[in-house]
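The next block holds one structure in the form of structure tokens; read it before the comments.
What you see is a predicted model, and the numbers here were worked out from it, not measured in a lab.
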Number of protein chains: 2
Amino acid sequence: MSRSNPSESQGDLDILGSPRALPYSVENPCAACEIREMSICGVLDCEELDALIKILTRQTFETHDPIIDEGESADFVFNVTGGAVKLFKLLPDGRRQITGFLYEGDFLGMAMNDVYSYSAEAVGDVSLCRFNRRKLEGLLDTFPKLERRLLSMASNELAQAQDQMLLLGRKTAQEKLCSFLLSLSRRAESRGYDPSILHLPMSRNDIGDFLGLTTETVSRTFTNLKRDGVIRLLEGGRVQINDIDQLQDMAEGA
Amino acid sequence: MSRSNPSESQGDLDILGSPRALPYSVENPCAACEIREMSICGVLDCEELDALIKILTRQTFETHDPIIDEGESADFVFNVTGGAVKLFKLLPDGRRQITGFLYEGDFLGMAMNDVYSYSAEAVGDVSLCRFNRRKLEGLLDTFPKLERRLLSMASNELAQAQDQMLLLGRKTAQEKLCSFLLSLSRRAESRGYDPSILHLPMSRNDIGDFLGLTTETVSRTFTNLKRDGVIRLLEGGRVQINDIDQLQDMAEGA
DNA sequence: GCGACAGGTTGACCTAAATCAACGTGTGCA
DNA sequence: TGCACACGTTGATTTAGGTCAACCTGTCGC
């Protein structure tokens, strides 16, 4: 797929409803959306979803496709429905800081003014729901609980950002990598997956740019953790954690 | 003043109103509050402020007084009305990351769940308005514009946090310090002060813990900037910026 | 008036992580 | 079939910033 032309399909053309009489209108794919409960849409009920779907477009992206570019007019916000997305900021000479990875259910577009304050790119195959930002803001007046949900998401993101500052400013390479693996483990657990088997769709370079390290240091630190029996590298970019409590201690230098 | 007993005065006992017939109720000190416009209270009008003042307590603190402690039950949120506050997180071995400095007009308590996710301490003399969190949350239903304001503040804080991640993860000591001075300059300008004269109420050690550096490196970097004619150190912990454009370039490695 | 102490600066030296470099390995395309 | 390229690993060397130590200044309490 071309970088400049991700596939789009208008939500209201994308009729996937089953013939059974669902409690939702069959024209609304949101009703059947598997990740709805963990995303912003989770606070809305059936008829409210109809309002949401009118302002939504579905999109898909492949590895390295740009999703938004820092500095562009911030006309859209997104809901990740599948795959992983990286958010990053660049310095003029090309140094890059990844400020976060988003996975299914995550909302993209929280921290922004008129213009995107960071860029976003697909890590592997990604599917999104795209919303016109002005129209979504209009819905906030109609559905106060949507606003409440956004506020609580922003609050969580802020707490996460503070943890990341502690990591970037004060942790060693090993503590950084352990913290990263631990956060993936916690996320897996909260989504009902096995917390000891992690999927790492991103490259070593991406991990480095997230943790404030180089590719080489990330690779060496993985090797050390493997050697010390803390983790095992499985095929397919997966990692097995042998002792989560130990990892927790190592993440805090305890 | 004792660390454990900051002075308190109930807002509704603190009658400061002038005898003139103000458009506000004279019993409400918020009406005359100089920093109201830049804080959350700025969105409320006179009678709405009356609801706010019922749930507010004024407090003052001195240097090094703790204001909140990470892990404590998050029962209160605060509005800084004077002085500076530092927010920080600690690792078990004492390493510290300051995640932000708050000044007058700033809101303290955005990113939190049941429990404070960071600590806060006074930098110099501080005055605050303290709100019962549950009661303030109750007001959000009554005044939707208060909620909108909080969301936009959270959004700004998030953007700031992302800038700080770029700084901590990818900038050199000199770029870090220049970025810090530049952000103080921008804040001064936005508040109507001279952007080339900065007040630094915090210690070199605090600056180091904010920028992910040691005291010594901060001190040496100040010396270098002075030597290169970028800044001048004035008495009273103030700093004069000689060329803001140059500082801007140095902050981004351009 | 002075002794203790906190904060700041500077110097000498050290080290964690960066840089530079070589080399695998897998995958997709000619 | 093979070769170009992206990605990962490992080794040798460098370096930015940390650590350790000395010293200076101002100030606060006695």
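One finds a side-chain N or O of B/R204 lying less than 4.0 angstrom from the OP1 or OP2 phosphate oxygen of C/dT9. For the OP1/OP2 pair of C/dA17 and a distance below 4.0 Å, the side-chain nitrogens and oxygens of A/T217 include no atom meeting the criterion. Dashed line: the shortest gap from a side-chain N or O of A/T223 to OP1 or OP2 of D/dT10 is under 4.0 Å. A/T214 has a side-chain polar atom (N or O) that falls below the 4.0 Å cut-off from OP1 or OP2 of C/dA18.
Among the nucleotides C/dG8, D/dT9, C/dA17, the one closest to any side-chain atom of B/S219 is C/dG8.
Nearest-nucleotide mapping onto DNA chain D: of A/R170 and A/F222, the residue sitting toward the 5' end is A/F222.
Taking 4.5 Å as the limit, every side-chain heavy atom of B/N79 sits out of range of all side-chain heavy atoms of B/L128.
Contacts of A/S203 with the nucleic acid, taken as non-hydrogen atoms under 4.0 Å apart, involve only primed sugar atoms and P, OP1 or OP2. Counting non-hydrogen atoms under 4.0 angstrom, A/G212 reaches the backbone sugars and phosphates but no base.
Between the C1' atom of D/dG17 and the CD atom of B/E175 lies a distance of 14 Å, rounded to the nearest Å. A straight line from CD of B/E216 to C1' of C/dG7 spans 12 Å, rounded to a whole angstrom. Rounded to whole Å, the distance from CD on A/E62 to P on D/dA6 is 17 Å. Separating the CG atom of A/L168 from the P atom of C/dA17 is a distance of 13 Å, rounded to the nearest angstrom. The interatomic distance linking A/I207 (CD1) with D/dC7 (P) rounds to 13 Å, in whole Å. Atom CG of A/L233 and atom C1' of D/dC7 are 14 Å apart (whole Å). A straight line from CZ of B/R227 to C1' of C/dT10 spans 13 Å, rounded to a whole angstrom. In this structure, CD of B/E235 is placed 14 Å from C1' of D/dG26, rounded to the nearest angstrom.
Evaluation of atom-type donor-acceptor distances gives a pair under 3.5 Å for the side chain of B/R220 against the base of C/dG11.
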Check against side-chain contact (heavy atoms from CB on, under 4.5 Å), A/L247 and A/V230: CA-CA 7 Å; A/L247 198 69; A/V230 182; 3.6 Å; yes
ring-ring contact (aromatic ring centres under 6.0 Å, His included) between A/F131 and A/F78, worked out: CA-CA 6 Å; A/F131 301 93; A/F78 305 84; 8.6 Å; no
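For the pair A/S73 (side chain) and A/V115 (backbone), a donor-acceptor distance under 3.5 Å is absent.
Under 4.0 Å is where a charged nitrogen must lie from a carboxylate oxygen, and between A/R95 and B/E252 no such pair does.
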